[in-house]
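This chain uses plain numbering: 1 for the first residue, then up along the sequence.
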Amino acid sequence: MQSSLSLSVSPNTSLGIHRSNCNAFQSLPLKPINLRFCGLRREVLGFSALKQSDSHRVCLPTRARSKKVVSASLSDNGTPKSFDYDLLIIGAGVGGHGAALHAVEKGLKTAIVEGDVVGGTCVNRGCVPSKALLAVSGRMRELQSEHHLKALGLQVAAAGYDRQGVADHANNLASKIRNNLTNSMKALGVDILTGFGTILGPQKVKVGSSDKVVTAKNIIIATGSVPFVPKGIEVDGKTVITSDHALKLESVPDWIAIVGSGYIGLEFSDVYTALGSEVTFIEALDQLMPGFDPEIGKLAQRVLINPRKIDYHTGVFATKITPAKDGKPVTIELIDAKTKEPKDTLEVDAALIATGRAPFTQGLGLENIKVATQRGFVPVDERMRVIDSNGNLVPHLYCIGDANGKMMLAHAASAQGISVVEQVTGRDHVLNHLSIPAACFTHPEISMVGLTEPQAREKAEKEGFEVSIAKTSFKANTKALAENEGEGLAKLIYRPDNGEILGVHIFGLHAADLIHEASNAIALGTRIQDIKLAVHAHPTLSEVLDELFKSAKVSDHASSSVSDPVAV
C-alpha cells in the first residue's frame, strides 16, 4: 500500500487466469523434477494451479545463489546487465514486509519502495487498529452483560469509556507495529526507498518524483488496496466515512448506517453497538453476511445481529448518500437491487461505506511493460508471475496481495510473497489458497478455511464424489462453559471416501485461533483418519475441533496420508 488516494474502479472481482509457462525462467538453466501438491490445489477460489498433465513435472530453476548480482538478460532491449538489487519490492505492507524478510534470509540483496508509510493498509488502516477497537468492544460487552457477570458471581458498576482514549489505543498500536516492521527490515539490511515506485521497463523502477532509477533482477508489486466507494456516494470523512476514517474513531454517532455486511461491516457493527450506537445494515444481496457459509451466517445473525441494536435492509442498493450539512442528517436513497425501483430514503447521523476494497495499481507504469489490469487487478498465474496483455509471462515480475485479487487478506499477501522468494531462489512453490484461513473478529468470532458447503457440493457434483458434514457445539466444551461462552458451532465439510478436508467453519469463542489446526491440515494434506488420532489438552477450546474430527465418518478403505509427504 503506497497511498491512500481514492480510485474510481470496480469492486473486487476474482480473476480467472489459468496459465503456466516455464519460459519465464528462459535465462536460467532448467531441469525437470517431481513436484507434489496438496489435494485441493486446482480449486483455489476460481483459480487453477497446474494443468493435469503438468502436475508431476515442473520446470524449475537450478542456479545456485551467488553473492554477486549477475545479469538476467543478455538482450539489447534496454534490460540491465547488472543490478542494484536481487529483489525490489514495490509496497511495504504486510505482503512486502514478509517477502523482504524471507528474501534476506535467502541471501538476496533486497530493497523495498514505499510512497506512504511502512505497514500499508493492514497496520495503519486495517487489521491492526481495528483489532484494538474490537478489543475495547469485547471488554465493554463483558462489563455491560449483567447476566453474564452474574452467572460468574461478579458485580461490576456501570461501565463507561473515553472515546479519545479508545482512539489513542488504536493509533498507538498501529504506530508500535509500524515501527517494529521498519526496525526489523533495517536491522536485517533491507534498504527502504521512500517514494512512489513506477516501472519504467524490464527490471527498472523509478523511485519518487526525482530521476532516481533502481534496477533489480526480480521485482514484486505489492501495492495493496484502498476502500472501494460506489458511484453516487459522497464521502466527507466526517459523517460519510470509509473504514480508513472509522478507525480514527473521531466520533461515536447515535445512529450509523453500514453499507455492506461482510467482514468490515460486521466488525464495525460490533464496535459501534458496544459503544452505544444503533446500526442499520444496507446489503445489496438478499441475505446478510453473503460471503460466509450459510449455516454459520444464520447462527451468527442470531447472535451478532438480532439481539443487538441493529436493523437491516437486504436486496437494496444505496444509490446516493449525502453527508450531513447545515443541520440536516445524512440521507441515503435506496433502490431495489433487482428492479432498480426506488424503495426508501433513510436519514441517519452517519454512514460507513464497507463495500469492499479496490486494488491500488494506478500509476505503476504497467503500460511500459504491456500489462493491462483487469478491473484494476494485475493478472498473474498461480505462481504470482505477471501476465501481459498478450497472455505472456513478464520475466522477473511478480504481483502479490490485494493488487492481484486472488485473496484479499494480509496474511495471504505475506504467504504469496514468501512463495515468490522461494521461486526466485531456485525452489518452485505453488501456494494452496484453499489452506489460507480467514477470520472475522466479532464477539464471538467467526473463522473459516477452504470451501463453504454450497461450494463443496457444487465441486462434488462436477467431479462425482460425496460430501459429508460433521458438527460440534461449544455447549459441550468444558473450557467454553467455564467461560460461560457456550454459544458456538464448528462445522467440518469433508469427503467420506478418502477423508479429505474440504472446509472448516467455526463460530464461537476464539474461533480465529482455533481455525489453524484445520488450515494446517489442509496445507499439509493431512486426512481426517490421521488427525482424529491427535491428542488435545483438556480442558481447552481445541477439543471442539478434536470432537469435530472424531465425529467424522470416513470409509474403512480410506488410506492414511501420514507416510505420504506433500509440498505446497
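Rounding to the nearest 0.5 Å places OG of S277 at 6.5 Å from CD1 of I256. Atom CG of residue L101 and atom CD1 of residue I418 lie 8.5 Å apart, to the nearest 0.5 angstrom. Atoms CG and OG1, from N368 and T198 in turn, are 8.5 Å apart once rounded to the nearest 0.5 Å. Going from atom CD1 of I90 over to atom CD1 of I221 covers 5.5 Å, rounded to the nearest 0.5 Å. In this structure, CZ on R163 lies 8.5 Å from CG on D168, to the nearest 0.5 angstrom. With rounding to the nearest 0.5 Å, the separation of CG in L304 from CD in E267 is 11.0 Å.
Judged by distance alone, with hydrogens and angles left aside, the side-chain atoms of E278 form no donor-acceptor pair with the main-chain N or O of K309 at under 3.5 Å. Side-chain N or O atoms of T373 include none that pairs as donor or acceptor with a backbone N or O of R375 at under 3.5 Å. With hydrogens and angles disregarded, no donor-acceptor distance shorter than 3.5 Å links the side chain of S419 to the backbone of V430. Of the possible donor and acceptor atoms, none in the side chain of R125 sits under 3.5 Å from a partner among the backbone N and O of S243. Counting only distance, with no hydrogens or angles, the side chain of K109 and the backbone of D84 share a donor-acceptor pair below 3.5 Å. Within the 3.5 Å criterion, the main-chain N or O of W255 finds a donor-acceptor partner in the side chain of D349. Within the 3.5 Å criterion, the main-chain N or O of L275 finds a donor-acceptor partner in the side chain of Y161. Of the possible donor and acceptor atoms, one in the side chain of H505 sits under 3.5 Å from a partner among the backbone N and O of L451. Not one N or O on the side chain of T425 forms a donor-acceptor pair closer than 3.5 Å with the backbone of K106. Of the possible donor and acceptor atoms, none in the side chain of T215 sits under 3.5 Å from a partner among the backbone N and O of Q203.
Between L431 and A412 the shortest heavy-atom distance is CD2-O, 4.4 Å. A pairwise comparison of heavy atoms in D86 and G107 identifies OD2-O, 4.5 Å as the closest pair. The minimum heavy-atom distance linking Y398 with V386 is given by the pair C-CG2, 3.6 Å. The nearest pair of heavy atoms linking A403 to T223 is CB-OG1, 3.8 Å. In terms of heavy atoms, I112 sits closest to H97 at CD1-N, 4.1 Å. Of all heavy-atom pairs spanning A521 and I501, the tightest one is CB-CD1, 3.8 Å.
Inter-residue side-chain proximity for I192 and K186 is flagged as met; some heavy-atom pair is nearer than 4.5 Å. Annotation: side chain of S519 is not in contact with side chain of I522 (no heavy-atom distance under 4.5 Å). Between V118 and V123 there is no side-chain heavy-atom pair separated by less than 4.5 Å. No side-chain heavy atom of L193 sits under 4.5 Å from any side-chain heavy atom of V205. No side-chain heavy atom of D293 sits under 4.5 Å from any side-chain heavy atom of M448. Contact annotation: the side chain of H411 never approaches that of V94 to less than 4.5 Å [non-hydrogen atoms, C-beta and beyond]. Between V235 and P323 there is no side-chain heavy-atom pair separated by less than 4.5 Å. Looking only at side-chain heavy atoms (C-beta outward), E485 and H148 come within less than 4.5 Å of each other.
Between Y263 and F292, the two ring planes are tilted [angle within 30° to 60°].
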* Evaluate side chain to side chain contact (heavy atoms under 4.5 Å, CB included) for L545 paired with V504, printing each intermediate quantity in order. => CA-CA 9 Å; L545 284 182; V504 174; 4.3 Å; yes
* Trace of the side chain to side chain contact (heavy atoms under 4.5 Å, CB included) decision for L108 with V424 -> CA-CA 10 Å; L108 301 183; V424 301; 4.0 Å; yes
* To do: Applying side chain to side chain contact (heavy atoms under 4.5 Å, CB included), run through N404 and Q416 and close with a yes or a no.
  => CA-CA 10 Å; N404 70 33; Q416 290 172 2; 3.1 Å; yes
* Criterion side chain to side chain contact (heavy atoms under 4.5 Å, CB included) on L548 and I506, from CA distance to verdict -> CA-CA 11 Å; L548 183 66; I506 308 173; 6.0 Å; no
* To do: For salt bridge (Lys or Arg N to Asp or Glu O under 4.0 Å), just list the numbers for K406 and E382, CA-CA rounded to whole Å, side-chain angles, deciding distance to a tenth of an Å, and then say yes or no.
  => CA-CA 9 Å; K406 277 183 176 284; E382 70 280 359; over 6 Å; no
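Under the 3.5 Å distance criterion, with hydrogens and angles disregarded, no donor-acceptor pair is assigned to the side chains of Q423 and N218.
The one candidate from H245, K238, Q164 that meets the side chain to side chain donor-acceptor pair (under 3.5 Å) condition with E250 is K238.
Residues satisfying the ring pair (Phe, Tyr, Trp, His ring centres under 6.0 Å) test with F281, not counting sequence neighbours, are none. Looking at residues two or more places apart in sequence or on another chain, you find a salt bridge (Lys or Arg N to Asp or Glu O under 4.0 Å) between D270 and R141, R308. Scored by the side chain to side chain contact (heavy atoms under 4.5 Å, CB included) test, L143 finds V156, A159 as partners (sequence neighbours excluded). Under the rule for a salt bridge (Lys or Arg N to Asp or Glu O under 4.0 Å), R139 has no partner lying at least two apart in sequence or in another chain. Every residue two or more places apart in sequence or in another chain that forms a side chain to side chain contact (heavy atoms under 4.5 Å, CB included) with L173 is listed here: V128, A132, I177. Applying the side chain to side chain donor-acceptor pair (under 3.5 Å) rule to H102 yields the partners E422; only residues at least two apart in sequence or on another chain are considered. Scored by the side chain to side chain donor-acceptor pair (under 3.5 Å) test, N183 finds no partners at all (sequence neighbours excluded). Looking at residues two or more places apart in sequence or on another chain, you find no ring pair (Phe, Tyr, Trp, His ring centres under 6.0 Å) involving F441. Every residue two or more places apart in sequence or in another chain was checked for a side chain to side chain donor-acceptor pair (under 3.5 Å) with S414, and none qualifies. Under the side chain to side chain donor-acceptor pair (under 3.5 Å) criterion, T194 pairs with no residue, sequence neighbours left out. Applying the salt bridge (Lys or Arg N to Asp or Glu O under 4.0 Å) test to K176 and every residue at least two apart in sequence or in another chain returns nothing. Under the rule for a salt bridge (Lys or Arg N to Asp or Glu O under 4.0 Å), K206 has no partner lying at least two apart in sequence or in another chain.
D162 CG: more than 12 foreign heavy atoms inside a 6.0 Å radius.
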